[in-house]
Engineer: 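First the structure, which I've put down as C-alpha cells, then a few questions once you've had a look.
Each chain gets a letter, A, B and so on, in the order its sequence line appears, and its residues count up from 1. Note that these values count all heavy atoms, side chains included, but never hydrogens, waters or copies made by symmetry.
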Amino acid sequence: MPEELSKRYEPATIEQRLYEFWEKGEFFTPLLDPERPKFSIVIPPPNITGRLHIGHALVNTLQDIIVRWKRMSGFNTLWLPGTDHAGIATQMIVDRELAKEGVSRFDLGREKFVERVWEWKESYGHQIIDQLKRLGASADWTRLRFTLDEGLARAVRTAFVKLHDDGLIYRGIAMVNWCPHCRTAISDVEVEYEERVSKLYYIDYPVADSARVLTIATTRPETMLGDTALAVHPDDERYKDVIGREAILPIANRRIPIVADPIFVDREFGTGVVKVTPAHDKNDYEAGKRNDLPQLQVIDEGGRMTEAAGVFAGLDRFEARTKVVAMLRDSGALHDVKDYNHSIGIHGKCETVIEPMISRQWFVKIEPLARPAIDAVRDGTIRILPQSWEATYFNWMENIHDWTISRQLWWGHRIPAFYCANGHVTVATDAPAACPQCGSTEVTQETDVLDTWFSSGLWPFSTMGWPDDTQDLHIFYPTDVLITGFDILFFWVARMIMFGLRFTGKAPFSQVFLNGLVRDEFGQKMSKTKGNVIDPIDVIDEFGADAVRFTLAIFASGRDIPLARSRMQGYAAFANKIWNASRFAMMHIDTTLGSVKAIDRDSMKSIERWILSRLNETTRTVNRALSDYRFDEASNAIYQFFWHEFCDWYIEMVKPVLLGRHGSEADQQRAKRVLLEVLDRSLRLLHPFMPFITEEIWQKLGGVEPSIMVAPYPVVEETLEDAEAERMVRAVQAMITSVRNARAERGFTSKDRFKLYVRGDGRDAAFFDDYAYLLIDLARLTEVIVNAEPPAGAHHDVVEGFDIAIEFPEKVVTKEQQDRTERELEKSRKELESLDAKLLNEQFVRNAPPAIVQGAQARQAELRARIEKLMRNQ
RNA sequence: GCGGGGUUAGCUCAGCGGUAGAGCGUCUGCUUUACACGCAGAGGGUCACUGGUUCGAAUCCGGUACCCCGCACCA
C-alpha cells in the first residue's frame, strides 16, 4: 500500500531532502566502463563571482533535462561541472573589497593579492554551485573542476607551449583595445559597441607660411595633441597644392606634415582632410606606419594625459577634452560643433570607454586554427542548432583577427614565458633553471596572465585530464552536445572548436544547441535599472524548482524567452495537479510497482487501451522532440497529456469502476493496475523536466529501482497503439461535450438530467451500450438509448460521425441557443460549400493525394448530416 | 554596408503546403467525495501588406512596410 501524500504540494518540504538523497546515492556519477554506450556533456562554467541568474537557470535546466533523459535511456552519462576563474571580474570584486579596507592591490603586491583572491574563492566561489543544486542539476560533483586548478593550469601551459612551438603564438607591439579602468588589453570580442549622442568638433589647422586653413572634424579633440600629420586624398583637387607642406597644430603650435593617403582618406566624407594620431586610433596607426609618421602618446594606461600633452598633462582624457575644446574656442580655432551619433567601444565588464593603445602583447595567430574549425561545421562534423547560427559562425570565423591573449592582470594563468637578464625569452611549461641561450640564472616569468577564455577554450578536455592520457578522456571525450547561450558563440564555442581540433584532433562535441536570451514578459531585456529581473532562487522559493524548470523548458525552442511570473504560477499549478492526481490514484492503488505483474493486454477495455495508446503517442513525441532539442514541444506534449487527457478524461472515466459503482471486481482490479501503469509511465516521462515531484511520488509507488532517475525512460511500444479505441473514446468525449454545451446553452444546470439517444451500427452500438454508464456519469444523463427514435423536439447533433439526440423536458430554446445554432449552421454551410466546390474541381480530385480526397468526402458527408440535424433544432 | 530573426486571438508564443492552435487574461455556470493552484462552458483571428507558384498557401518564392539582434564602418 503506497504511503499517503499531503493534500497540497509543497516543494520546499521535499526538494532539499531529495537532492541530498541523489547525491548520497551517487546517481550523478557514471561508471568507468568503456563498453557501455556513453553520453557526456560539459557545463559552461559559470564565473565564481556569479550569483545564479535566470540565464544560468535556463542553460542548466536544459542540460539537466537532456542529461536525465539520456541517463534514464540507458546511457552511461557524465555531466561534468565546474567554474571559471573569470580574470577581470574576480579581480574587480576583490579590488572593491580591498578598497573598502582602504588599500589597493598595489599596496599588497601581486603574491599577497592572489592569495587574497583564493581566500575569496574559498568563501564565496561555491555559491553558484549550491544554487545549481537547488535547481536540481544532476552534474557529477565528484568531478568538479575550476579553470585555475593545478590540472587545468598544466593543460593551459601545455597548450600555450604547443602553440608557441608551432609558431602560432607570437609577442609583438600592436594597437590593441585598452581598458583604462582595468588597465589591461582586451580582445576584439570583449569590446561592445554602443550608440551614443556626442559632438563632432570642426577644428581649423592653419597651413604654415600661408593664409590657408584646413578644417578637420573629430569626435575626440583631446587626441589632437598627439597629431603627427594631416592627411588628404592624393587626387583631391581641393588639396593638391598643400600636399608636402606643413600645418600648424593649434594649441601645441607644432608643425606637422600634410601627407597624401588614398587608403585612409575618403574624399566624400567630411571636409576631406583628416588629422592623423598614430598613437590613439587604429586607422591612424596604420596610416602612420604607411607614411612613416612618429607616434606621440598623449594618453596613458590609466586614461590620463601624458607629459606630451603639455598643459593638459595629468588630466583625465574626458576632462582634457572639455579643456581642449574651451581653449580652441578661445583661440578661434574651433570652427564648428555639431551633434553627432556614433557608436563607441565600451569594455563590457566595467562600462569604460575603450582607448586604442599601442603596446606589447601576446597574440594567437588565428587563421590556421580557424580554417579547420570552419570546415568542421561546414562538413557537418559539428552541427549548430538552431541552424541559422551557422551563418553567423562562418561570418565571424572567416573575418577573424589575431587574438590578443595577454592581460595585464594578476588573477589568472601567468603566461609561461621566461626572460633572462640578457633579454632572451624561453617559452616552456616549467621555469628553466637557467636561460637555455646564455645560461643566465636570473630568470623571471612574464607578468601578464592569459585571457580567461584561453583556459575555457580547453574546457572539454582539460577537465578530463588532458594532456595526460586518462580514462575519462578515453570514455567521455569527445562530448556529445554543448548547450549554451548564443552570446558566447565567439568567446567560447568557437575557441573550443579551434582548440579541440588542434590539441585532440577531434571536434570537442558533435552538436551545439544555442538557447536564446531570457527576457521579461514583454520581450524587454532584464536589467536591474528596469527592475524587471527575475531571480531564479526567489522563484524557486516561491513556486518550486520543478515549476521554474518547466516554465523555462516549455519556452525553449532556441529563440528568446519571454518569461513571466504568471507562467511559473501556471506550472506550479501543474505540479499541484500532478500531486493531486497521484494522491487520488494512491487512494485506490493497493499494490507496488515492484510486486505487480505485466498487464494482461487482451483483457483491457477500450478506455484503457485508449489511455495507453495516447500515452504511447505522447512518449513518441517527447522522445523525438528531445532528440531535436525541442524542449518546448516535449514539455508541452506531456503537459497536454497529463492534464487534459489523463486527469480531465481518464481519471473521470475510471471513477465509476474504481469507486465500485460499475463493473466487476476484476474490472476494478484491472482499472487499478492500469492507473498505476499510466501514472508510473507518466512520472518517468516527466522526470527530466520535473525531477523533484516525480521522484517524491514515484518512490511511494514502490519501484524496484532506488530512484526514478535510474528507472528506464519510456519508449514507444507499437503494441500499445490502438486507433480503434481512440476513435470510439473520441466519439464518447464528443458526445459528452455536445450534451454539456446544449445543457449550458439552454440554461440548465448540471443537476438537470436528460435522456440521450445515440445511433450506431453493430459493433459501435454494442460499444455505446457498454459505455452507457460512462455517458450517464460524465454527461449527467438519466439514460442512454441506443438506436431508438428520439421524440419530436429533441435536440439533435452529429459528432464524430454519430447521430445523437437529447431529450430536454420541453423545447426551451433560448435566443442564445438559436443564435448559436444559426452560427454553427452558417459555419458548416460555408465549409460544405467550399468542400463541394473543391470536390467538383477535377484538378483537385486528380492531383491531391487520395487520403486528402477521401478525407474531404467523409467530411462532406458529415457536414451534410450535421446541417440536416442542426436545422431540426431551429 | 553585410548577415540573421520577427510581424498568427487582448498579451506571450507554437504551427511552416491539405478543415486556424496553446498558455495566460476576459466572460458565464459549478463547494461534482484528487485538486478552487480546481471543474464545465463561452467569446475572441480577412495568420503585416502585395504579387507569384500550386488543384490547394499562415505555411513555398519575389517585393514593400515596420520591429529586433549580430558584425563591419563611423574624420
Engineer: Taking any heavy-atom pair under 4.0 Å as a contact, classify A/Pro386: base, sugar-phosphate, or nothing.
Structural biologist: nothing
Engineer: Which dot-bracket string describes RNA chain B (Watson-Crick N1-N3 plus N6-O4 or O6-N4, or G-U N1-O2 and O6-N3, all under 3.5 Å; [ ] crossing; | other strand)?
Structural biologist: ((((((((.[[[[.)..(..]]]].(((((.......))))).....[[[[[..)....]]]]])))))))....
Engineer: I want to check something: taking the side chain as every heavy atom from C-beta on, are A/Ile346 and A/Arg196 in contact at a cut-off of under 4.5 Å?
Structural biologist: yes
Engineer: A/Phe574 CZ to B/C39 P: how many Å, rounded?
Structural biologist: 12 Å
Engineer: Tell me which nucleotide among B/G5, B/A75, B/G38 gets nearest to the side chain of A/Lys577.
Structural biologist: B/G38
Engineer: Counting only heavy atoms and a strict 4.0 angstrom limit, can you tell me which residues of residues 274-286 of chain A come near RNA chain B?
Structural biologist: A/Val274, A/Asn283
Engineer: Using atom C1' of each nucleotide, how far apart are B/G63 and B/U53 to the nearest Å?
Structural biologist: 15 Å
Engineer: I'd like to know whether A/Glu696 forms a salt bridge (Lys or Arg N to Asp or Glu O under 4.0 Å) with A/Lys700, so could you lay out the CA-CA distance, the side-chain angles of the two residues, the decisive distance to 0.1 Å, and finally the verdict.
Structural biologist: CA-CA 7 Å; A/Glu696 179 70 6; A/Lys700 295 191 166 156; 3.3 Å; yes
Engineer: To the nearest 0.5 Å, how far apart are OH in A/Tyr9 and CG in A/Asn580?
Structural biologist: 12.0 Å
Engineer: Looking at A/Asn580, does any N or O in its side chain come under 4.0 Å of the phosphate oxygens OP1/OP2 on B/A34?
Structural biologist: no
Engineer: Does any non-hydrogen side-chain atom of A/Val324 lie less than 4.5 Å from one of A/Met224?
Structural biologist: yes
Engineer: B/G3 and B/U8: how far apart are their P atoms, nearest whole angstrom?
Structural biologist: 26 Å
Engineer: Using the C1' atom on both, measure B/C47 against B/A14 and round to a whole Å.
Structural biologist: 13 Å
Engineer: Salt-bridged, A/Lys655 to A/Asp777, with N to O below 4.0 Å?
Structural biologist: no
Engineer: For atom C1', what is the distance between B/A20 and B/G1, given to the nearest Å?
Structural biologist: 40 Å
Engineer: On a heavy-atom basis, which atom in A/Met690 and which in A/Ala575 lie closest, and how many Å separate them?
Structural biologist: CE-CB, 4.3 Å
Engineer: Can you tell me how far P of B/C2 sits from CG of A/Asn399, to the nearest Å?
Structural biologist: 14 Å
Engineer: Between A/Arg859 and A/Glu831, is the closest basic N to carboxylate O distance under 4.0 Å?
Structural biologist: yes
Engineer: Considering every strand and a 4.0 Å limit on heavy-atom distances, what is the contact class for A/Ile852: base, sugar-phosphate, or nothing?
Structural biologist: base
Engineer: Whether A/Trp389 contacts B/C69 is assessed here as follows: a side-chain N or O lying under 4.0 Å from the phosphate OP1 or OP2. Is that the case?
Structural biologist: no
Engineer: Write down the distance separating the C1' atoms in B/G43 and B/U50, rounded off to the nearest Å.
Structural biologist: 32 Å
Engineer: Write out a two-atom table: protein N or O, nucleotide N or O from nucleotides 13-17 of chain B, distance below 3.5 Å.
Structural biologist:
unit_1: B/A14; atom_1: OP1; unit_2: A/Arg559; atom_2: NH1; d: 2.7
unit_1: B/A14; atom_1: OP2; unit_2: A/Arg559; atom_2: NH1; d: 3.2
unit_1: B/G15; atom_1: OP1; unit_2: A/Arg630; atom_2: NH1; d: 3.3
unit_1: B/G15; atom_1: OP1; unit_2: A/Arg630; atom_2: NH2; d: 3.1

Engineer: Identify, with sequence neighbours excluded, every residue that meets salt bridge (Lys or Arg N to Asp or Glu O under 4.0 Å) alongside A/Glu833.
Structural biologist: none
Engineer: Just jot down the side chain to side chain donor-acceptor pair (under 3.5 Å) partners of A/Asp227, sequence neighbours excluded, or say none.
Structural biologist: A/Tyr205, A/Lys275, A/Thr277
Engineer: Just jot down the side chain to side chain donor-acceptor pair (under 3.5 Å) partners of A/His401, sequence neighbours excluded, or say none.
Structural biologist: none
Engineer: Looking at B/A75, B/G70, B/C35, which one has an atom nearest to any side-chain atom of A/Lys525?
Structural biologist: B/G70
Engineer: Return the nearest nucleotide to the side chain of A/Lys838; candidates are B/A34, B/G18, B/G3.
Structural biologist: B/G18
Engineer: To the closest 0.5 Å, what do you measure between CD1 (A/Ile366) and CE (A/Met397)?
Structural biologist: 7.5 Å
Engineer: Can you tell me how far CE of A/Met586 sits from CG of A/Leu676, rounded to the nearest 0.5 angstrom?
Structural biologist: 9.0 Å
Engineer: Considering only B/G18, B/G70, B/C74, which nucleotide approaches the side chain of A/Ala848 most closely?
Structural biologist: B/G18
Engineer: Which of parallel (below 30°), tilted (30 to 60°) and perpendicular (above 60°) describes A/Phe574 and A/Tyr571?
Structural biologist: perpendicular
Engineer: Of all residues at least two apart in sequence or in a different chain, which pass the ring-ring contact (aromatic ring centres under 6.0 Å, His included) check with A/Phe269?
Structural biologist: none
Engineer: Going 5' to 3' along nucleotides 41-47 of chain B, which nucleotides have protein heavy atoms under 4.0 Å from the base (write B), which only from the sugar-phosphate (write S), and which from neither (write -)?
Structural biologist: SSS----
Engineer: Is the A/Tyr639-A/Phe689 ring centre distance short of 6.0 angstrom?
Structural biologist: no
Engineer: Is it true that A/Asp752 and A/Arg743 have a side-chain N and a carboxylate O under 4.0 angstrom from each other?
Structural biologist: no
Engineer: Mind checking what makes ring-ring contact (aromatic ring centres under 6.0 Å, His included) contact with A/Tyr202, not counting sequence neighbours?
Structural biologist: none
Engineer: Please check: side-chain N/O of A/Asp236 versus main-chain N/O of A/Arg238, any donor-acceptor pairing under 3.5 Å?
Structural biologist: yes
Engineer: Touch check for A/Asn847, heavy atoms < 4.0 angstrom, all strands: base, sugar-phosphate only, or nothing?
Structural biologist: base
Engineer: At under 4.0 Å between heavy atoms, what does A/Asp648 touch on the DNA or RNA strands: base, sugar-phosphate, or nothing?
Structural biologist: sugar-phosphate
Engineer: Measuring only the C1' atom in each nucleotide, how far is B/C61 from B/C16? A whole number of Å is fine.
Structural biologist: 14 Å
Engineer: Between the protein and nucleotides 19-22 of chain B, are there any N/O to N/O pairs under 3.5 Å, and if so, what are the atom names and distances?
Structural biologist:
unit_1: B/U19; atom_1: O2; unit_2: A/Glu831; atom_2: OE1; d: 3.2
unit_1: B/U19; atom_1: O2; unit_2: A/Glu831; atom_2: OE2; d: 2.0
unit_1: B/U19; atom_1: O2; unit_2: A/Arg859; atom_2: NE; d: 3.1
unit_1: B/U19; atom_1: O2; unit_2: A/Arg859; atom_2: NH2; d: 3.4
unit_1: B/U19; atom_1: N3; unit_2: A/Arg859; atom_2: NE; d: 3.1

Engineer: Does anything in residues 336-344 of chain A reach RNA chain B, meaning a heavy atom under 4.0 Å, and if so which residues?
Structural biologist: A/Tyr340, A/His342, A/Ser343
Engineer: Nearest whole Å is fine: how far is B/C55 P from A/Leu840 CG?
Structural biologist: 17 Å
Engineer: Testing the 3.5 Å rule here: is there a donor-acceptor pair between the side chains of A/Asp836 and A/Gln860?
Structural biologist: yes
Engineer: Can you check salt bridge (Lys or Arg N to Asp or Glu O under 4.0 Å) on A/Glu824 and A/Arg866, steps first, answer last?
Structural biologist: CA-CA 10 Å; A/Glu824 283 276 297; A/Arg866 184 137 202 268; 3.0 Å; yes
Engineer: Determine the Euclidean distance between corresponding C1' atoms of B/C55 and B/C67; express it in Å to zero decimal places.
Structural biologist: 37 Å
Engineer: When the nearest nucleotide of RNA chain B is assigned to A/Gln569 and to A/Gly270 on a heavy-atom basis, which residue is associated with the more 5' position?
Structural biologist: A/Gln569
Engineer: Measure all distances between protein nitrogen or oxygen atoms and nitrogen or oxygen atoms of nucleotides 25-31 of chain B, and list the pairs falling under 3.5 Å.
Structural biologist:
none

Engineer: Look at the aromatic rings of A/Phe754 and A/Phe808 and report parallel, tilted or perpendicular, splitting at 30° and 60°.
Structural biologist: perpendicular
Engineer: What's the gap between B/G56 and B/G18 when it is taken at their C1' atoms, as a whole Å value?
Structural biologist: 7 Å
Engineer: Would you classify A/Arg780 as touching base, sugar-phosphate or nothing, given that sugar-phosphate means primed atoms plus P, OP1 and OP2, and contacts are heavy atoms under 4.0 Å?
Structural biologist: base
Engineer: Please determine which of A/Leu517, A/Ile561, A/Ile534 meets the side-chain contact (heavy atoms from CB on, under 4.5 Å) test together with A/Ile54.
Structural biologist: A/Ile534
